Amino acid sequence: MKHDQKNFVIFAVLAALILFGWPQIAHWIFPQQQPAPVRIEGGKTKPVAAPGADPAADSPRALRDRQIVLGETPRVAIETPKVRGSINLKGARIDDLVLVQYAETVAKNSPPIRLLSPGGTTDAYFAQFGWQGAGVQAPGPDTVWQASGTKLTPTTPVTLSAQSATGQVFRIELSVDANYMFAVRQTVANLGTTPVSVTPYALVSRANKSTDVDQWAAHVGPIAVYNGAADYIDYKEVDTAQQSFATTGGWAGYTDHYWLTAVIPDQRVAVQLQQRPTPTKGFQADYQVAAPLNVEPGKKLTYSSHFFAGAKEVKLLEEYQDTLGIVQFDRAIDWGWFGVIELPIFYYLDWLYRLVGNFGVAIILLTLTIRGLLFPIAQRQFASMASMRAVQPKMKALQERYKDDKQRQQQEIMKLYKEEKVNPLAGCLPILLQIPIMFALYKVLLLTIEMRHEPFIGWIRDLSAPDPLLILNLFGLLNFTPPSFLAIGVFPILLGVSMYFQFKLNPAPMDDMQKQIFSIMPWMLMFLMAPFAVGLQVYWITSNVLTMAQQWLLYRQHPALKEPVKKEVKAK
């Protein structure tokens, strides 16, 4: 009795630690509602570093409102079905871009996601293209380029031109597709009398870290692909030291939870990729061609590259990888070890969504499919559990008989297993086989933008966010927000109730301590699962309901599982 009380106290302490410590780690492990981009008033800007940098242009003293900054320089408008913005002719920067098909929140009239902002603002984030050279005066960040047109669209490319004092004409031809990919052709025409040597470069400068949470299952931060592999780099690593990678084929940039910017060099030319800190603690991803390019008098040279700025849509990333030959471009999404399972699950879920038109219903149908495929495995697991349960009284008797001789005890138990033809690992193997599938589904629902801001039923307007209808503030009637560990919505409660009945369907355990644990476990899990996206909760609730139906069916096939295990009466 004292032993049971001690165990219960230990369990209660651990439960309290989990319950109250959970909010501190849940934002790192589990998917959170993505916060809208915010301005940091009074913060410090972090200007782009060399190459092509001008710290004075983006100094903290120059902080101004975005609209004021946008009006200070000549610009070329950008207009496509998916993006709007402008090109800054001063410095040849793409520094003004919003994603028109994605809003910051689900609220009506919510502004679109702003991805890029000009230098001189608190949230500066832009791309720039240029040259370094020997014997040539290349255009710099203060150069005002001449544009061939007033608007860049998928059908109207724009060419920027600038002439140097040393007799070279520099051109940047920009074109954009109907999605998020810019094609960049940098040309140098040598009108001088002597050869020149130039090195094309491109960069993405970011003044601040992403407001998205860098989770263990979803990378947010610097990324570089080199030598055929993707490297997910932490901001702290870049703060500590510049990261450099020599490669032919690859790219570098920054990935948020759902968004990506990337400078993509010619995949056939050797380059030096870099992720580096700037002098004022900003971040810069860039590349420069490894070997300088020589241009003879009267000749010209063109270097082609790409710049991506947009949403990490799975099919679109794969399409760019295939059609443009961009190495590992699909790795902008951190699929992890189980990508081979996650991608088929994603494509099937996406197909279901297009079939039924509701992502929540698609998740339910996906759960039905997965549970149906795993049903034969569940049958084997239940059969093994029935066999193990049948030998429990004999095994307990052996444990009691040889409690002072552990070696003999193990020998007798193994002999019992052999005589009864029971494999104690048979029940574990099916569970182990299910783990990769369940984790893969979790990653798919966590990573893919396709579930973002997708409604389900009633008040659920965003399946990628936690349930907003909280019990403790009477579903929003009371004007206060409960602390995170008490922010329990309707779906987490449904999850706890479904788990309670699932446990109740099982036979009562023999041990009193196990009974106490099983009685409190559903409600602990209700609190632990509350930070999950509703889409994951929909999956979990559906899975619990299907498990109960499955248990009912399998208990009919294996009646021995219904019977509680009786305690062995110790002989005097």
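Fair warning: this is a prediction, and the values are worked out from it, not measured in the lab.
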Q: Kindly indicate, with the supporting measurements, whether the criterion side-chain contact (heavy atoms from CB on, under 4.5 Å) is fulfilled by Phe182 and Asp177.
A: CA-CA 7 Å; Phe182 295 81; Asp177 65 11; over 6 Å; no
(Q) Assess the residue pair Tyr353 and Glu454 against the criterion (side-chain contact (heavy atoms from CB on, under 4.5 Å)); give the C-alpha distance rounded to whole Å, side-chain angles, the decisive distance to 0.1 Å, and a yes or no. (A) CA-CA 11 Å; Tyr353 167 65; Glu454 284 291 335; 3.2 Å; yes
Q. Do Tyr235 and Thr240 pass the side-chain contact (heavy atoms from CB on, under 4.5 Å) test, and can you show the C-alpha distance, the side-chain angles, and the key distance before you say yes or no?
A. CA-CA 9 Å; Tyr235 279 112; Thr240 303; over 6 Å; no
Q.
For a side-chain contact (heavy atoms from CB on, under 4.5 Å) check, start with the C-alpha distance between Thr448 and Asp350, then their side-chain angles and the critical distance, and finish with the verdict.
A. CA-CA 10 Å; Thr448 55; Asp350 185 64; over 6 Å; no
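Here the shortest heavy-atom pairing between Met451 and Gly535 reads SD-CA, 4.1 Å. Taking all atoms of both residues into account, the shortest heavy-atom contact from Glu450 to Val314 is OE2-N, 3.5 Å. Residues Met499 and Asn544 come closest through the heavy atom pair CG-ND2, 3.1 Å. Asp95 and Arg75 make their closest contact through OD1-NH1, 2.8 Å (heavy atoms, listed as atom of the first residue, atom of the second, distance). Contact record, Ala311 with Ile449: CB-CD1, 3.6 Å, taken as the closest heavy-atom pair. Between Leu70 and Ser86, the shortest heavy-atom contact is CD2-OG, 4.4 Å.
Between atom OG1 of residue Thr367 and atom OH of residue Tyr539 there is a gap of 6.0 Å, rounded to the nearest 0.5 Å. The line from CD of Glu342 to CZ of Phe439 is 7.0 Å long, rounded to the nearest 0.5 Å. The distance from atom CD1 of Ile364 to atom OG1 of Thr542, rounded to the nearest 0.5 Å, is 4.5 Å. With rounding to the nearest 0.5 Å, the separation of CG in Asp330 from NZ in Lys315 is 14.5 Å. Atom CD of Gln537 and atom CD1 of Ile493 lie 10.5 Å apart (nearest 0.5 Å). Distance CE/Met526 to CG/Leu494: 10.5 Å, rounded to 0.5 Å.
Put simply, the side chain of Asp212 never gets that close to the backbone of Asp256: no donor and acceptor are under 3.5 Å apart. Of the possible donor and acceptor atoms, one in the side chain of Asp462 sits under 3.5 Å from a partner among the backbone N and O of Ser464. Side-chain N or O atoms of Arg331 include none that pairs as donor or acceptor with a backbone N or O of Ala230 at under 3.5 Å. Between the side chain of Ser110 and the main chain of Val106, no donor-acceptor pair closer than 3.5 Å is present. Listed for the His257 side chain is a donor-acceptor partner under 3.5 Å among the backbone atoms of Leu446. Thr121 contributes a side-chain N or O that, together with a main-chain N or O of Pro118, makes up a donor-acceptor pair within less than 3.5 Å. Remark: the backbone N or O of Thr122 is paired with a side-chain donor or acceptor of Asn208 at under 3.5 angstrom. The backbone N or O of Gly253 lies less than 3.5 Å from a partner atom in the side chain of Gln275, making a donor-acceptor pair.
Ring pair Trp251/Phe329 is perpendicular by interplanar angle, where above 60° counts as perpendicular and below 30° as parallel. Taking the six-membered ring where tryptophan is involved, the planes of Phe491 and Trp459 are tilted, since the angle between them lies from 30° to 60°. Between Phe283 and Tyr254, the ring planes lie perpendicular to each other; the angle is over 60°, past the 30° to 60° tilted range.
In this structure the side chain of Asp239 reaches within 4.5 angstrom of the side chain of Lys209, judged on heavy atoms. The closest side-chain heavy-atom distance from Val263 to Leu203 is not below 4.5 Å. A 4.5 Å side-chain heavy-atom check between Phe501 and Met548 finds at least one atom pair inside the cut-off. By the 4.5 Å heavy-atom criterion applied to side chains, Leu99 and Pro112 are not counted as neighbours. For the pair Arg371/Ser543, a side-chain contact is recorded, criterion being any heavy-atom separation below 4.5 Å from C-beta on. At a threshold of 4.5 Å between non-hydrogen side-chain atoms, the residues Lys82 and Glu313 count as touching. Proximity of Asn179 to Thr80: side-chain heavy atoms (C-beta onward) are nowhere separated by under 4.5 Å. At a threshold of 4.5 Å between non-hydrogen side-chain atoms, the residues Asn88 and Asp96 do not count as touching.
Remark: Trp540 CH2 is loosely packed, at most 12 non-hydrogen atoms of other residues, nucleotides or ligands lying under 6.0 Å away. For Trp337, the CH2 atom is loosely surrounded, since the number of other residues' heavy atoms within 6.0 Å does not exceed 12.
Under the salt bridge (charged side-chain N to carboxylate O under 4.0 Å, His left out) rule, Asp123 has a single partner from Arg114, Arg206, Arg66, which is Arg66. A side-chain contact (heavy atoms from CB on, under 4.5 Å) with Phe308 is found for exactly one of Ile264, Ile326, Leu324, namely Ile264.
Residue pairs meeting the salt bridge (Lys or Arg N to Asp or Glu O under 4.0 Å) criterion with at least one member in residues 523-541, sequence neighbours excluded, do not occur.
For Trp259 and Tyr102, the ring centers sit closer than 6.0 Å to each other.
Taking Asp231 as the reference, Tyr226 meet the side-chain hydrogen bond (donor to acceptor under 3.5 Å, both in side chains) condition, with sequence neighbours excluded.
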